[in-house]
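So the structure is just underneath, and the comments pick up after that.
Just so it is clear, the model here is predicted, and its values are computed rather than measured.
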Amino acid sequence: MANVKKPAPLIIVYLAFAIVYVVWGSTYFFIQKALAGFPPFILGTFRFIVAGLLLIDLVQVYRKRDIQQTDH
């Protein structure tokens with residue numbers, strides 16, 4: 001039997017677009033506010049450090065999950 005995927009409910013699609021709209025739109029507002037107190041280089045550095053730490057955590061979570069799946 002073929003693996004048939006059901007489409008996402010329309011409310012979930014609208015909610016996802018609304019979240020992206022709010023997050024993406026508010027980014028410019030908060031960058032403007034942050035630039036009033038910090039130089040751009042510091043803000044860029046902070047963004048990359050936070051993104052790197054989040055990616056390291058994400059890799060560790062997926063690595064643990066893959067190890068647990070191969071042990072069974």
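P9 meets the side-chain contact (heavy atoms from CB on, under 4.5 Å) test with I11, I12; sequence neighbours excluded. Every residue meeting the side-chain contact (heavy atoms from CB on, under 4.5 Å) condition with V50, not counting sequence neighbours, appears here in chain and number order: F46, L54.
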For residues 13-31, please give each side-chain donor-acceptor pair under 3.5 Å, one per line with the distance, not counting sequence neighbours.
residue, atom, partner, partner atom, Å
W24, NE1, Y28, OH, 3.4
S26, OG, V22, O, 2.9
S26, OG, V23, O, 3.0
T27, OG1, V23, O, 2.7

